[in-house]
Amino acid sequence: MTPSSQLQIGGKATDLTPASTEAESAKVRERCRILGIDWLEKPPETDPEAIALLTAEVAVRVRAVPMRIERGRLLVAMFNPLDVGAADEIATIARLPVSRTGVEPDAFGELMRRAYGTTAARIAESLAGNAEASADETVHNVDAIEAADVHRMAEQPTLINLVNLFILEAIQGRASDIHIEPFENDLKIKYRVDGVLIEQPPPPKHLQAALIGRVKIMAMMNIAERYVPQDGHITLRFEGRKVDLRVSTVPTIYGESVVMRILDKSSLPLDLQSLGMSQSHRDTMDRLIEKPHGLLLVTGPTGSGKTTTLYAALSKLYDPRKKIITIEDPVEYELSGVNQIPVNPKRGLTFSIGLRAILRQDPDVVLVGEIRDNETVDIAIRSALTGHLILSTLHTNDAISSIGRLVDMGAEPFLVASVLEGLLAQRLGRRLCSHCRSEVPLSDETRVRLAPAEIAAFQGREWKAVGCDECNKSGFRSRLGFFELVRMNSSLRQGITKNLSLSDLKDLVDEEFLNMRQDGMLKAQSGATTVSEVLRATQDVDDARH
């Protein structure tokens with residue numbers, strides 16, 4: 001199976017890289033035992049000279065990695081050592097007899113990454129050809145290329161491999177997004193890892209039309225249309241798990257810019273502790289989501305992890321005795337045991353219309369992806385009043401501001417006071433790599449950015465990022481949240497009913513309240529993150545108590 005055939009156009013999930021079920025792997029392993037073929041549980045050490053005998057493109061296609069040469073034979077680690085045809089092809093290319101060794105699926109993926117970690121860059125270089133000689137002709141005439149020609153170029157096997165390997169490397173590198181950005185003289189590829197864009201070795205500019213065309217074909221988009229934004233979807237399997245890609249294109253002056261959002265459920269932390277929430281906040285959240293009715297809002301800007309937090313709350317809430325329904329735009333991850341509805345405005349299914357229909361389904365818990373308008377706010381509040389627990393999100397800078405936003409959208413203050421149970425605001429920062437982080441004296445640069453009380457709390461020390469193989473030399477691995485959680489009390493309810501100002505409402509929150517910056521600073525003190533990450537993520541939050 002070649003990479004070009006492993007990724008299917010359309011909605012059916014097919015393999016992008018070698019993958020098998022446990023049962024299939026067990027069958028291959030048992031067959032190898034009978035035949036006397038060795039089987040490895042961990043990635044073996046490899047000899048660069050042996051790896052050089054097989055190009056990255058061939059290695060990915062035949063699912064094999066040369067390990068070393070022993071007594072005139074090439075020892076090869078194979079995903080499926082029973083594939084005699086692949087072994088024969090390797091022997092022909094390397095001009096050496098081949099000895100096969102099996103490797104566990106997860107270990108094989110790691111081995112492939114170590115041996116051919118820059119596969120996409122290498123294939124892009126091989127495709128470059130005489131790009132420089134024809135640069136002027138290809139760069140400035142992208143629009144002149146006919147759709148049929150783009151389709152033909154996008155179906156070239158090597159080009160297909162290149163696109164597949166860009167996606168493969170991004171998933172292996174824990175990226176959340178792939179950005180393809182066209183400029184006047186080059187085409188940039190960037191992966192967003194832990195919230196930060198990392199530029200990759202660029203493919204040649206003359207591949208722009210074919211590369212973007214290939215992505216659009218995979219996402220079932222119209223490749224002939226280049227002047228309006230388009231949205232698409234790719235479903236694939238990677239190392240035995242399902243991965244979805246949401247694809248978006250927009251026209252720019254030098255061609256279409258493409259962003260692929262990678263939705264990998266296996267990397268989704270579905271518990272509040274993994275998200276970085278403190279024990280006190282988790283205890284409060286547990287009490288809030290256990291309420292039989294009411295409204296719980298999670299607020300923050302786009303990309304702050306609101307949906308992930310709500311998914312984690314739903315996972316904790318799940319009980320076969322409860323009917324849980326969500327309406328989302330779009331459904332980002334499939335949750336077991338939860339009825340999930342995707343918004344479809346083109347067919348007349350909006351949040352407000354969907355929410356009305358959901359209430360006729362006799363739900364116990366309802367997740368509304370986002371409260372966007374007056375109608376949705378009105379239905380959500382009335383649903384909470386009539387015995388439903390409603391979870392939803394808003395775009396506000398802090399927790400208390402959500403109250404003013406609800407009132408601005410037409411909600412009566414006395415109704416907001418009646419149904420609101422909790423407000424959670426959050427931001428995301430990068431988590432320090434636990435393998436290489438280092439504690440150092442508090443620098444002058446850090447001191448000038450902190451309040452006196454914060455400086456005292458650090459006791460002259462701070463944690464810094466270093467960088468190692470585990471974190472790809474970045475010093476960070478994954479992200480964590482900085483939270484502020486407001487639990488409704490009688491004083492707050494009275495203040496909302498009286499329509500007090502936000503500053504007055506902030507004085508009515510519980511004494512143990514911590515804002516996002518304060519929560520982040522506690523995590524920086526413990527070594528979970530750095531001071532600079534907290535300040536970057538919470539720069540719009542006051543450093544005072546409220």
Side-chain angles (χ1 to χ4, degrees), residues 195 272 275-277 281 284-285 288-289 294-313 327-329 351-352 355 367-381 384 390-429 481-489 492-493 495-510 513-520 534-546:
L272 297 172
L275 296 174
M277 190 174 284
H281 279 161
T284 304
M285 278 292 289
L288 291 176
I289 63 178
L295 179 62
L296 173 62
L297 293 177
V298 180
T299 77
T302 300
S304 60
K306 302 186 297 295
T307 301
T308 304
T309 298
L310 286 177
Y311 279 170
I327 180 163
E328 307 169 58
D329 183 21
F351 277 117
S352 56
L355 186 50
L367 186 155
V368 182
E370 183 182 346
I371 293 179
R372 296 178 177 174
D373 52 47
N374 299 6
E375 192 175 6
T376 308
V377 139
D378 181 61
I379 301 169
I381 287 177
I390 308 294
L391 312 179
S392 192
T393 70
L394 274 181
H395 290 283
T396 60
N397 286 335
D398 59 18
I400 286 293
S401 298
S402 304
I403 297 168
R405 181 63 56 84
L406 292 175
V407 174
D408 289 343
M409 284 195 286
E412 292 289 347
F414 74 92
L415 288 177
V416 174
S418 299
V419 302
L420 204 55
E421 295 295 342
L423 298 166
L424 177 70
Q426 66 181 75
R427 297 289 189 278
L428 289 179
F482 307 136
F483 302 94
E484 63 181 41
L485 181 56
V486 174
R487 184 172 59 87
M488 297 301 293
N489 56 39
L492 258 178
R493 294 191 194 278
I496 296 171
T497 302
K498 294 176 183 177
N499 209 12
L500 296 181
S501 67
L502 293 183
S503 59
D504 290 335
L505 289 176
K506 288 181 179 181
D507 292 331
L508 301 177
V509 301
D510 293 336
F513 171 82
L514 296 176
N515 65 30
M516 285 177 283
R517 173 168 172 145
Q518 292 168 326
D519 182 53
V534 176
L535 296 176
R536 179 186 63 81
T538 64
Q539 55 189 317
D540 56 346
V541 179
D542 294 336
D543 59 6
R545 179 181 177 274
H546 299 313

Closest non-hydrogen atom pair, [X] against [Y]:
{"X": "Ile289", "Y": "Ala313", "value": "CD1-O, 3.9 Å"}
{"X": "Leu420", "Y": "Met488", "value": "O-CG, 3.1 Å"}
{"X": "Val377", "Y": "Ala411", "value": "CG1-CB, 3.8 Å"}
{"X": "Met516", "Y": "Asn397", "value": "CE-O, 3.4 Å"}
{"X": "Ile379", "Y": "Ser352", "value": "CD1-O, 3.5 Å"}
{"X": "Phe483", "Y": "His281", "value": "O-CE1, 3.6 Å"}

Side chain proximity check, [X] to [Y], heavy atoms < 4.5 angstrom:
{"X": "Glu370", "Y": "Lys306", "value": "no"}
{"X": "Leu288", "Y": "Leu485", "value": "yes"}
{"X": "Met285", "Y": "Leu296", "value": "yes"}
{"X": "Leu272", "Y": "Thr309", "value": "yes"}
{"X": "Thr396", "Y": "Leu297", "value": "no"}
{"X": "Asp378", "Y": "Met409", "value": "no"}
{"X": "Leu367", "Y": "Glu328", "value": "yes"}

Roughly how far apart are [X] [atom1] and [Y] [atom2], rounded to 0.5 Å?
{"X": "Ile496", "Y": "Leu508", "atom1": "CD1", "atom2": "CG", "value": "9.0 Å"}
{"X": "Leu295", "Y": "Leu423", "atom1": "CG", "atom2": "CG", "value": "8.0 Å"}
{"X": "Thr307", "Y": "Leu391", "atom1": "OG1", "atom2": "CG", "value": "11.5 Å"}
{"X": "Gln518", "Y": "Glu484", "atom1": "CD", "atom2": "CD", "value": "9.0 Å"}
{"X": "Phe414", "Y": "Asn499", "atom1": "CZ", "atom2": "CG", "value": "12.0 Å"}
{"X": "Leu394", "Y": "Leu406", "atom1": "CG", "atom2": "CG", "value": "5.5 Å"}

Quiz item: Could you give all pairs that pass the side-chain hydrogen bond (donor to acceptor under 3.5 Å, both in side chains) test and reach residues 405-421, with sequence neighbours left out?
Solution: Glu421-Arg493
Quiz prompt | Sidechain-backbone polar pair: Thr393 side chain, Gly369 backbone, donor-acceptor under 3.5 Å | solution = yes
Exercise. Please confirm whether the backbone N or O of Val298 pairs with a side-chain atom of Gln426, one donor and one acceptor, at under 3.5 Å?
Key: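 Checked: no pair found.
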Self-check item: Under the side chain to side chain donor-acceptor pair (under 3.5 Å) test, residues paired with Arg487 that sit two or more places apart
Solution: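 Arg487: side chain to side chain donor-acceptor pair (under 3.5 Å) contacts with Asp510.
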Exercise. With salt bridge (Lys or Arg N to Asp or Glu O under 4.0 Å) as the test, would you mind laying out the steps for Asp504 and Lys498 before giving the verdict?
Key: CA-CA 11 Å; Asp504 290 335; Lys498 294 176 183 177; over 6 Å; no
